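What follows is a short report on a single structure.
Computed from a predicted structure; not experimentally measured. Because only heavy atoms are used, hydrogens play no part in the values below, and waters and symmetry mates are left out as well, while side chains stay in.
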Amino acid sequence: MTIARPLPRQPGVKAAPLSELQLKFTDNEAARLLYGELNRNLTMIEQAMGVKIAVRGSELLIKGAPHDLEITAGTLRQLYEMIQLGSPLYQQDVAYALRILSRAPNANLKEIFQDQVFITANQGRIAPKSINQKKYIEAIRQHDIVFGIGPAGTGKTYLAVAMAIAALTANQVKSIILARPAVEAGERLGFLPGDMAQKVNPYLRPLHDALNDMLGREKTAALIEQGTIEIAPLAFMRGRTLNSAFIILDEAQNTTPEQMKMFLTRLGFSSKAVITGDVTQVDLPADKHSGLIDAQIVLKDIPGMAFTYFTEIDVVRHPLVQEIILAYGRQSESRAVNSAKFLPSRKKG
């Protein structure tokens, strides 16, 4: 593929505020996959970047602002090269690529998207979809204790579970332990019938969902029955030493500092721990302090630990989820400013 310089304009014609860029592809099949069915991928790029793309067989003529042209061309070029290497291209991958290169134009999409973590039961490929997700995976590989902190939908828990299953499959660990604090999310669920496992199951359902998605229900159930995978409320961790295990603490913002200390000191030899949470969604009583917030201060300088922070940019759910997170963030900031305006001022004297 070649990238031409902006096309020259006719003498005497006043330059328009937009520029033009021409891309030429040599692999027609790869170009077809890049464009998408009915050119849907190109349409998505037009809408996201505010450019116009004219298709002429294996050539594209792109018009737009210089910066937008650079991002568009870089995205198309890197995705085209990945397709030539045999990588499948999904429509959401185009959106992720645009998001990454809009903020980091020199990023290498191949290094991010092709960092395969695990192949699911239905042959789905789990790989990072943002720079922070890539950093998170690398941190888990290189450190024994990793904190993943950020809003919902950024892949904190899902990627941690995928890394745990990959480690189990490679015989790097002998068991996976998934824990959550049993804290109600602003609701009163009342009396729950059944034995202890049935009572806490609603709190642990998201972890079951991730495992079922990756391994399939039958294999997940078999590994849980064997004890190879254990899903339990955080309170069940007390008094244990966990060797050769991959341990994940989910919803860690709802731990107290005492619970966080208890969990972290369960770590035994040849084990890893990943702690995930969103410090903006603490459901603890008002008089309780979050152990996840506390850990960022207490543990920040300890070698062997890593903190990875996610933002709304890393959201990999429905596109509206990113907008919802931003909207609530703006509302919180507005409330803080308005509250400050009405605080009584202290008079001197």
Side-chain angles (χ1 to χ4, degrees), residues 1-9 15-115 124-125 127-134 153-155 310-326:
M1 183 189 72
T2 59
I3 301 180
R5 295 180 178 179
L7 299 177
R9 302 185 181 278
L18 302 179
S19 299
E20 296 178 353
L21 189 67
Q22 188 177 32
L23 299 183
K24 181 176 177 59
F25 304 102
T26 57
D27 186 335
N28 292 334
E29 178 60 17
R32 184 186 67 80
L33 295 173
L34 175 64
Y35 299 170
E37 185 179 356
L38 300 176
N39 294 339
R40 286 177 181 170
N41 293 341
L42 299 182
T43 300
M44 176 190 292
I45 293 173
E46 286 182 320
Q47 295 173 348
M49 299 304 301
V51 299
K52 293 294 182 181
I53 303 176
V55 181
R56 300 173 182 174
S58 61
E59 295 184 12
L60 297 178
L61 179 64
I62 312 169
K63 296 181 180 181
H67 175 73
D68 297 332
L69 285 181
E70 180 183 351
I71 301 302
T72 300
T75 301
L76 290 167
R77 173 176 54 80
Q78 292 203 50
L79 292 177
Y80 172 77
E81 292 173 353
M82 288 171 57
I83 292 172
Q84 285 191 306
L85 293 173
S87 296
L89 179 65
Y90 303 102
Q91 198 165 23
Q92 63 266 31
D93 291 336
V94 180
Y96 299 147
L98 288 172
R99 190 187 305 176
I100 291 170
L101 294 181
S102 293
R103 291 162 177 80
N106 295 324
N108 189 325
L109 295 181
K110 183 170 64 174
E111 290 183 358
I112 299 172
F113 288 174
Q114 293 190 337
D115 186 358
R125 187 171 59 90
K129 300 298 182 183
S130 73
I131 292 175
N132 284 332
Q133 286 192 357
K134 170 70 173 175
T154 50
F310 298 88
T311 70
E312 71 283 347
I313 297 171
D314 303 298
V315 171
V316 291
R317 290 181 182 169
H318 192 286
L320 284 176
V321 173
Q322 184 180 12
E323 298 302 322
I324 290 168
I325 292 171
L326 285 170

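- Atom OG1 of residue Thr75 and atom CD of residue Glu70 lie 10.0 Å apart, to the nearest 0.5 angstrom.
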task = Check the pair Leu61, Ile53 against side chain to side chain contact (heavy atoms under 4.5 Å, CB included), reporting the backbone distance first and the verdict last.
result = CA-CA 6 Å; Leu61 179 64; Ile53 303 176; over 6 Å; no
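- The shortest distance between side-chain heavy atoms of Leu89 and Tyr80 does not fall below 4.5 Å.
- Here the side chain of Gln91 pairs no donor or acceptor atom with the backbone of Gly36 at under 3.5 angstrom.
- With rounding to the nearest 0.5 Å, the separation of OG1 in Thr72 from CZ in Arg77 is 12.5 Å.
- Taking CG from Leu34 and CG from Leu23, the interatomic distance works out to 9.0 Å, rounded to the nearest 0.5 Å.
- Proximity of Ile62 to Leu76: side-chain heavy atoms (C-beta onward) are separated by under 4.5 Å at one or more points.
- Defined by atom type and a distance below 3.5 Å, a donor-acceptor pair is missing between the side-chain atoms of Thr154 and Asp314.
- Between Asn28 and Ser58 the shortest heavy-atom distance is OD1-CB, 3.4 Å.
- In this structure, Met44 and Ala95 approach most closely via the heavy-atom pair SD-N, 3.8 Å.
- Aromatic ring pairs are classed by plane angle as parallel below 30°, tilted from 30° to 60° and perpendicular above 60°; the pair Phe113 and Tyr96 is perpendicular.
- The shortest non-hydrogen separation linking Glu59 to Gln22 is OE1-NE2, 3.1 Å.
- Closest approach of Ala107 and Ile100 over heavy atoms only: CB-CG2, 3.8 Å.
- Taking CG from Leu101 and CD from Gln78, the interatomic distance works out to 5.5 Å, rounded to the nearest 0.5 Å.
- Distance CD/Gln114 to CE/Met82: 5.0 Å, rounded to 0.5 Å.
- Annotation: the span from Lys134 atom NZ to Asp115 atom CG amounts to 3.5 Å, rounded to 0.5 Å.
- A 4.5 Å side-chain heavy-atom check between Pro105 and Ile71 finds at least one atom pair inside the cut-off.
- For the residue pair Gln84 and Ala30, the shortest heavy atom distance occurs at CG-CB, 4.0 Å.
- Side-chain contact between Asn41 and Leu79: absent, with no pair of heavy atoms (C-beta onward) separated by less than 4.5 Å.
- The side-chain heavy atoms of Met49 and Leu98, taken from C-beta on, include a pair separated by under 4.5 Å.
- The shortest distance between side-chain heavy atoms of Leu42 and Glu46 does not fall below 4.5 Å.
- Of all heavy-atom pairs between Phe25 and Ala31, the closest is CB-CB, 4.1 Å.
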